[in-house]
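To keep things clear, I will list the structure first and then write my remarks on it.
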Amino acid sequence: MAYYSEDLIEEVISQNDIVDVISEYVPLKKSGRNFVGLCPFHREKTPSFSVSMDKQIYKCFGCSEGGNVISFIMKLENLDFWDSVEFLAERAHIDLQRYEVKSSFSNKAQEERKNLKDTLFKINREVGIYYHNNLIEELNTKSSRVKEYIEKRKFDINTIKKFGIGYATGRIPLYDHLIKLGFKEDEILKTGIILKNDKGKIYDRFFGRLIFPIFDVRDRIIAFGGRVLDTSLPKYVNSPENEIYFKGKNLYCLNFAKREKIDNIIMVEGYMDAIALQKSGFTNAVASLGTALTENQARLIKKYTDNVIIAYDQDGAGQEATLRGLDILVSKGLKVKVLRLDRDDVKDPDEYINKYGKERFKNCIDNSISLVEFKISKLKKEINSDDIDSKIMFLTEVANILAKIDNTIERDVYIDKIAKEYNMATTPILNEVEKRIKKVQGNQVVVDVQSINRKMRLVTNIRKRQEQYIIALLLSKDKKIQNEIFGKISLDDIIDEKVKSVYSFILELKDNYDINKIDILSKVKNEEMMNELTDIMYLDISSVDRNKLLNDVLNNKLKEKLYLRRDEIFKRLDEDISKDEQEVLQLELNQIILEISKLKK
């Protein structure tokens with residue numbers, strides 16, 4: 001793992017114009033001094049995403065995401081900070097070796113771990129090439145078991161190349177190949193691809209299997225999956241987790257799906273399903289790597305879309321996995337639908353497309369059902385509602401499901417649908433649903449606080465904007481203004497918590513850097529702070545008298561302190577205090593009132 005000087009950050013930012021970079025992901029149009037487009041971080045119909053060429057920052061006024069070119073790549077490509085810097089350096093053809101420095105890590109174990117990750121990526125790449133070349137050689141023979149399997153699965157050469165599909169032919173050759181390339185045995189064993197038993201025998205974990213490389217979103221091979229060519233078990237064998245592979249944090253084929261301009265992602269269970277959909281034109285298909293869907297995977301999906309179609313196998317295990325996946329996805333704010341195949345003689349998307357074609361499969365996608373419909377249909381299969389008792393049980397469980405719907409219109413639509421289906425009035429179902437809602441709400445009293453809080457919100461917003469101007473003035477690179485602010489505004493003087501965190505951050509930075517000579521956004525590692533700082537940087541103070549603005553914000557801060565002290569005195573005077581204390585407080589109060597009146601002039 002290479003380590004770089006901070007000069008690389010400045011070079012990367014200067015060589016990667018933010019408008020050019022973002023235009024590769026989002027169509028932008030010129031609007032005044034800025035560029036606008038549809039936000040890539042949330043779904044919208046009217047553009048609220050703005051990119052400033054002058055300031056080299058972006059800001060969405062819909063979802064509040066903001067930052068510089070590095071943070072944009074971090075979010076869009078799901079990379080950490082230094083990986084994003086390398087990504088942009090490669091884009092701008094910057095010679096990274098010029099900026100390499102010796103590691104400053106005091107913890108040698110941490111340094112070794114970073115070096116190991118780099119080595120594992122290199123080994124995986126060579127292994128992927130080796131397996132892939134094996135398969136190509138097999139396909140060029142007249143007859144072989146793997147060739148017959150490939151033909152049965154209808155994998156053409158383009159599919160094989162796109163997904164890097166390979167074949168593990170033997171136990172020893174791969175190990176020997178890697179040793180010849182200069183890799184050490186302990187490094188090779190840490191990939192989990194090559195194993196060594198107690199007797200010292202070396203063998204290939206995937207021997208005799210069709211190989212599916214697993215890529216991260218940067219197209220790096222992080223692991224492999226291997227499938228048998230017959231009916232023997234286990235059907236699949238996967239790479240173990242290691243320093244670069246965590247199956248609950250990755251999705252198979254996401255590196256392809258993320259490149260598409262898509263409204264949704266189709267989530268399937270296995271490699272075969274994902275490839276079958278991808279090669280049939282459904283390029284938004286991904287697979288969950290043979291594991292129950294995790295919160296990390298849900299967050300990963302959320303980076304690219306708000307909509308997910310679950311297309312798990314139609315058997316019992318697949319249905320249970322679907323239900324678990326639905327709840328996890330919904331909890332992360334995703335809109336979820338469930339695909340139902342219209343034929344019972346196939347159990348997964350791969351079989352369906354091979355048997356009935358992609359056009360018919362598209363109809364199934366278009367007719368995907370909502371989470372509520374899926375839960376109710378599953379309930380129908382579990383409870384036979386032919387007799388009265390079963391019908392009551394079924395409708396009672398349906399009421400439990402419907403009570404969890406927040407949207408009143410959506411809830412009423414389902415109530416009406418169920419009532420018509422079972423030939424009964426809507427009132428009984430509605431009453432049962434409302435009974436459950438009230439039980440959850442308990443004795444809570446709902447109060448309309450809008451009119452009460454309107455004035456308070458207005459005051460808070462004005463104060464926050466004044467505090468944001470303080471930060472904007474600090475960023476103006478005027479040392480005289482900066483020194484006056486640092487001398488007169490303490491951290492405790494800032495009321496808004498988000499602005500306070502930014503001010504605290506700048507106070508820490510100025511002790512170690514000249515804040516006028518660094519890209520402050522590149523030092524921010526907290527996403528909430530990044531968004532707040534970008535919001536402040538979008539305040540245009542270039543055309544205003546900065547000294548007058550400074551005087552205004554300092555006076556407002558002083559008035560704020562005086563009003564606060566005045567209210568404290570009023571409160572104290574209402575209490576049972578001595579006559580001497582009353583006189584002292586009254587004198588202080590008169591002085592405060594005089595100072596406030598002067599500031600108002």
Side-chain angles (χ1 to χ4, degrees), residues 1-3 83 86 90 96-97 100 102-103 105 108-141 144-147 149-150 160-216 218-229 232 234 236-247 250 252 255 271 289:
M1 174 70 188
Y3 301 93
D83 279 345
E86 288 184 352
E90 290 168 7
L96 291 171
Q97 290 184 346
E100 281 191 27
K102 290 185 178 180
S103 169
F105 284 105
K108 286 295 181 183
Q110 188 175 2
E111 182 180 352
E112 288 170 2
R113 181 173 176 270
K114 286 186 174 290
N115 289 331
L116 175 61
K117 286 174 68 175
D118 192 46
T119 300
L120 294 181
F121 279 124
K122 291 177 181 177
I123 293 174
N124 281 353
R125 181 178 182 278
E126 295 299 334
V127 170
I129 293 170
Y130 181 86
Y131 283 148
H132 181 69
N133 288 340
N134 283 346
L135 179 59
I136 298 300
E137 287 179 16
E138 289 287 325
L139 296 180
N140 288 331
T141 62
S144 72
R145 194 167 61 132
V146 68
K147 185 175 182 179
Y149 185 84
I150 290 291
I160 290 167
K161 287 182 177 180
K162 177 180 178 179
F163 298 98
I165 300 171
Y167 180 55
T169 55
R171 294 180 173 86
I172 300 299
L174 174 58
Y175 173 81
D176 292 340
H177 175 69
L178 294 173
I179 291 293
K180 286 178 183 178
L181 290 174
F183 298 110
K184 299 174 183 176
E185 181 178 294
D186 64 322
E187 295 171 338
I188 296 169
L189 294 177
K190 283 175 182 175
T191 65
I193 300 164
I194 298 295
L195 303 176
K196 187 176 184 179
N197 64 19
D198 295 338
K199 296 179 180 179
K201 184 179 179 181
I202 297 287
Y203 60 99
D204 186 340
R205 176 187 292 272
F206 300 107
F207 171 62
R209 292 174 180 267
L210 195 66
I211 303 298
F212 301 93
I214 300 165
F215 297 88
D216 65 10
R218 289 185 67 186
D219 292 322
R220 298 177 299 187
I221 298 176
I222 54 175
F224 297 91
R227 192 197 191 285
V228 294
L229 304 178
S232 60
Y236 285 99
V237 169
N238 301 308
S239 292
E241 292 190 341
N242 55 34
E243 283 78 1
I244 62 172
Y245 176 54
F246 303 93
K247 62 182 179 181
N250 292 280
Y252 183 68
N255 59 314
Y271 312 116
L289 295 170

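Since this is a predicted model, take the numbers as computed values, not measurements.
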Contacts of [X] that satisfy salt bridge (charged side-chain N to carboxylate O under 4.0 Å, His left out) - sequence neighbours left out:
X: Lys190; answer: none
X: Arg125; answer: none
X: Glu185; answer: Lys196

What closest approach, in Å, do [X] and [Y] show between heavy atoms, and which atom pair accounts for it?
X: Ser232; Y: Val228; answer: O-CG2, 3.5 Å
X: Phe224; Y: Val127; answer: CZ-CG1, 3.7 Å
X: Pro173; Y: Tyr130; answer: CB-OH, 3.0 Å
X: Asp204; Y: Ala168; answer: OD2-CB, 3.8 Å

Test side chain to side chain contact (heavy atoms under 4.5 Å, CB included) applied to [X] - qualifying residues, sequence neighbours left out:
X: Leu195; value: Tyr203, Arg205
X: Asp219; value: Asn255, Arg259
X: Asn242; value: Leu120, Ile244, Tyr245
X: Arg145; value: Tyr167, Leu229, Asp230

message = Suppose we screen for side chain to side chain donor-acceptor pair (under 3.5 Å). Which residues come up paired with Thr119, at least two apart in sequence or across chains?
response =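 For Thr119, no residue satisfies side chain to side chain donor-acceptor pair (under 3.5 Å) once neighbours in sequence are set aside.
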task = Please name all residues satisfying side chain to side chain donor-acceptor pair (under 3.5 Å) with Lys184, sequence neighbours left out, ordered by chain then number.
result =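 Counting only residues at least two positions away or on another chain, Lys184 forms no side chain to side chain donor-acceptor pair (under 3.5 Å).
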Drop me the distance from [X]'s [atom1] to [Y]'s [atom2], to the nearest 0.5 angstrom.
X: Glu137; Y: His132; atom1: CD; atom2: NE2; value: 11.0 Å
X: Ile123; Y: Thr191; atom1: CD1; atom2: OG1; value: 6.0 Å
X: Ile129; Y: Asn124; atom1: CD1; atom2: CG; value: 11.0 Å
X: Ile194; Y: Phe183; atom1: CD1; atom2: CZ; value: 12.5 Å
X: Asp216; Y: Phe121; atom1: CG; atom2: CZ; value: 5.5 Å
X: Glu138; Y: Leu210; atom1: CD; atom2: CG; value: 11.0 Å

Taking C-beta and beyond as the side chain, do [X] and [Y] meet within less than 4.5 Å on heavy atoms?
X: Ile165; Y: Phe212; result: yes
X: Ile179; Y: Ile188; result: yes
X: Ile193; Y: Leu178; result: no
X: Leu135; Y: Ile150; result: yes

By ring pair (Phe, Tyr, Trp, His ring centres under 6.0 Å), which residues pair with [X], not counting sequence neighbours?
X: Phe206; result: none
X: Phe163; result: Phe256
X: Tyr236; result: Tyr271

task = Mind running side-chain contact (heavy atoms from CB on, under 4.5 Å) on Asn238 and Lys247 for me, showing each step along the way?
result = CA-CA 10 Å; Asn238 301 308; Lys247 62 182 179 181; over 6 Å; no
task = Step through the shown structure and confirm whether more than 12 heavy atoms of other residues, nucleotides or ligands are within 6.0 Å of NZ on Lys147.
result =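 Atom NZ in Lys147 is packed in, count exceeds 12.
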inquiry  = Pair Tyr131, Leu174 - check side-chain contact (heavy atoms from CB on, under 4.5 Å), show working.
reply    = CA-CA 9 Å; Tyr131 283 148; Leu174 174 58; 3.4 Å; yes
ask   = Could Asp176 and Lys180 be called an ion pair, given the rule that one side-chain N must be under 4.0 Å from one carboxylate O?
value =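 Looking at Asp176 and Lys180, the cut-off is not met.
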